Amino acid sequence: MQFNEVRDHAPLAYRMAPQTLAEIVGQSEILAPGKLLRRMIENDRLSSVILFGPPGTGKTTIARVIARSTESRFRAINAVTSGVKELRELIAETENPFQTPEGRCLLFVDEIHRFNKAQQDLLLPYVERGLFILIGATTENPYFEVNKALISRSTVFQLKPLEVADLKLLLERAIKDPERGLGQYKIKYSEDALELLANLAAGDARVALNNLELAVLASPGYAAEAENAAPIELNRELIEGLVQHLSPRYDKDGEEHYNTISALIKSCRGSDPDASIFYLAKALAAGETPEFLSRRLIILAAEDIGMANPQALSLAVACDRAVRTLGMPEARIILAECVVMLATSPKSNSAYRAIDRALDLVRSQDCGEIPLHLRNAPVKAMAEDLGYSVGYKYAHNYPGNIVRQQYLPDKIKDQIFYHPSSNGYEARVAEWLENLRATKAEDSKIE
């Protein structure tokens, strides 16, 4: 499959796709003069690359520019519709000196993360020996989705969402271009309208151009190439009527899902209720299930709030139950209250660290036997013959319900796992435990 020439009936976003490097806006971190990818394209010295970023940021556009600028044979496939059969045919064509005299092919694989392991493995030896110069495009993080061996043989370039200024430039270019754009129409537009279109696109050039085309076609003044037609007026009211909501970039099975949840948890951990509410809203607006969010908040309460506010875990569990009972839209209120409570609560991960220290010790060495006086002796003979429970001091028989006796095995009798913080309620625990560890003395048994 080769890239086709622009056709009149194609959508505006396709027609306005940049034809040269000079027409590409944004992505200056990888395409500015002197940057590696730009030099590779300009000098036709491309090695295997993987382009990853959100939709509408220019991955396919860069591939099209490469296709027009290279002297090598260029082929493009989509991983959604192509499989092993197509790959084997490409390999045979490229290895045939009559079909491919140069002995190599620039192969563009769109949505490369959709190739399964077997398909990616099939590409590997031919990429390694240089038969294919791979250009992979993906909306998913390639370090998670693409064969590590392919990654190691490629240069990964990350594309960022376009800035509002970049999108406005693209929109103005489309409005004024008489051949590929909408320049044949009489279009009057306000700066406010362009600003709104750019903001609603959320960094996606394709969305911005599609919305612009929709606004023009739906305008009361729309009349193709009619000399006496009234001008098409693009204003904020028209745009708001057509495009009511911004669709957040979010894929419940992809990287943005994990990034959003990570940001929510880290914002709560960092005691920022505003950021926490924002990421909760982003997840809910994108269709994340409230049950998943409430489960994550339970983990947060145990892991990051802990002993600084022991009630946080109970409240998070109550939130989970209420969310499951009510469902949306009321669940958003319950989740918001829980998120604000967790974000503004004192924090401590001391209990979390204590159990991990103990687990590490148990898994890494012989910690010795449980002291005899702590062992269970359901049969009297066990106490008499083996010494089980003999000498055990019942704490409730002593002042303050505290008694000095050895609880840990001999081999680790002085080990300390729990180091309380000085935050929230745990500050009281820390003071009590410090005094206990320092001054605990043997008491006389209450007769």
Side-chain angles (χ1 to χ4, degrees), residues 52-55 80 111 113-114 116 138-141 143-145 161 200 202-204 207 244-356 359 423-426:
F52 95 93
V80 175
E111 307 285 351
H113 63 279
R114 296 296 187 93
N116 60 36
T138 174
T139 55
E140 302 298 326
N141 190 323
Y143 294 100
F144 298 146
E145 304 293 338
L200 287 171
D204 188 325
V207 169
Q244 295 181 351
H245 298 288
L246 171 66
S247 297
R249 278 196 321 276
Y250 202 89
D251 181 348
K252 288 199 288 184
D253 296 319
E255 186 186 10
E256 197 64 18
H257 157 79
Y258 295 104
N259 287 343
T260 302
I261 299 307
S262 175
L264 169 60
I265 298 303
K266 289 173 181 173
S267 298
C268 281
R269 181 183 297 145
S271 300
D272 189 327
D274 300 304
S276 302
I277 283 289
F278 167 75
Y279 290 117
L280 173 65
K282 181 176 180 182
L284 288 172
E288 190 63 79
T289 62
E291 294 83 3
F292 169 79
L293 294 167
S294 63
R295 287 197 304 271
R296 295 295 305 181
L297 295 178
I298 292 174
I299 297 170
L300 173 70
E303 183 175 322
D304 293 299
I305 310 299
M307 289 293 294
N309 180 5
Q311 292 301 313
L313 182 57
S314 298
L315 291 168
V317 171
C319 166
D320 181 66
R321 182 174 179 180
V323 161
R324 293 173 189 277
T325 300
L326 295 178
M328 289 293 283
E330 290 82 1
R332 79 191 192 282
I333 306 169
I334 300 162
L335 287 167
E337 289 179 3
C338 188
V339 161
V340 170
M341 184 274 294
L342 295 177
T344 56
S345 173
K347 309 293 191 300
S348 172
N349 66 354
S350 58
Y352 164 36
R353 289 181 176 273
I355 185 59
D356 280 356
L359 285 170
N423 300 330
Y425 169 80
E426 197 169 27

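Since the structure is predicted, the reported quantities are computational estimates derived from the model, not experimental observations. The figures here come from the full heavy-atom set of this structure, side chains too, leaving out hydrogens, waters and symmetry mates.
- Counting heavy atoms from C-beta on, the side chains of L335 and C319 come closer than 4.5 Å.
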May I have the list of side-chain donor-acceptor pairs in residues 306-313 shorter than 3.5 Å, sequence neighbours left out?
from, atom 1, to, atom 2, distance (Å)
N309, OD1, Q311, N, 3.4
N309, ND2, S345, OG, 3.2

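- A distance of 9.0 Å separates CD1 of I333 from CG of L326, quoted to the nearest 0.5 Å.
- No side-chain heavy atom of P54 sits less than 4.5 Å from a side-chain heavy atom of D204.
- Every residue two or more places apart in sequence or in another chain that forms a side chain to side chain contact (heavy atoms under 4.5 Å, CB included) with A275 is listed here: S267, D272, Y279.
- Within the 4.5 Å cutoff, the side chain of L264 has no heavy atoms near those of the L300 side chain.
- L359 is linked by a side chain to side chain contact (heavy atoms under 4.5 Å, CB included) to I355, D356, R363, counting only residues two or more places apart in sequence or in another chain.
- Note on residues 293-304: pairs passing side chain to side chain donor-acceptor pair (under 3.5 Å), not counting sequence neighbours, are R269-D304, S294-D320.
- Residues satisfying the side-chain hydrogen bond (donor to acceptor under 3.5 Å, both in side chains) test with S276, not counting sequence neighbours, are none.
- A donor-acceptor contact shorter than 3.5 Å links the side chain of K347 to the backbone of L342.
- A distance of 4.5 Å separates CG in N141 from CZ in F52, rounded to the nearest 0.5 Å.
- Looking at residues two or more places apart in sequence or on another chain, you find a side-chain hydrogen bond (donor to acceptor under 3.5 Å, both in side chains) between S262 and K266.
- Pairs passing the salt bridge (charged side-chain N to carboxylate O under 4.0 Å, His left out) check and including a residue from residues 326-341, sequence neighbours excluded, do not occur.
- Not counting sequence neighbours, the partners of A322 by the side chain to side chain contact (heavy atoms under 4.5 Å, CB included) test are I334.
- Atom-to-atom distance recorded for E288:CD and F292:CZ is 5.0 Å, nearest 0.5 angstrom.
- Taking CG of L293 as the start and SG of C338 as the end, the distance is 10.5 Å to the nearest 0.5 Å.
- When side chains are defined from C-beta on, I277 does not count as touching P273, because their heavy atoms never get closer than 4.5 Å.
- Put simply, the side chain of T138 does not reach to within 4.5 Å of the side chain of R114, judged on heavy atoms.
- By the neighbour-count criterion of 12 heavy atoms within 6.0 Å, atom CZ of R324 is densely surrounded, having more than that number from other residues, nucleotides or ligands.
- Distance check, rounded to the nearest 0.5 Å: NE2 of H257 to NZ of K282 gives 12.5 Å.
- Here the OG1 atom belonging to T289 is positioned 9.5 Å from the CG atom belonging to L284, to the nearest 0.5 angstrom.
- With sequence neighbours excluded, the residues that form a side chain to side chain contact (heavy atoms under 4.5 Å, CB included) with L315 are M341.
- Checked against side-chain hydrogen bond (donor to acceptor under 3.5 Å, both in side chains), E426 has the following partners two or more places apart in sequence or in another chain: S348, S350, Y418, S421.
- R353 is linked by a side-chain hydrogen bond (donor to acceptor under 3.5 Å, both in side chains) to N349, counting only residues two or more places apart in sequence or in another chain.
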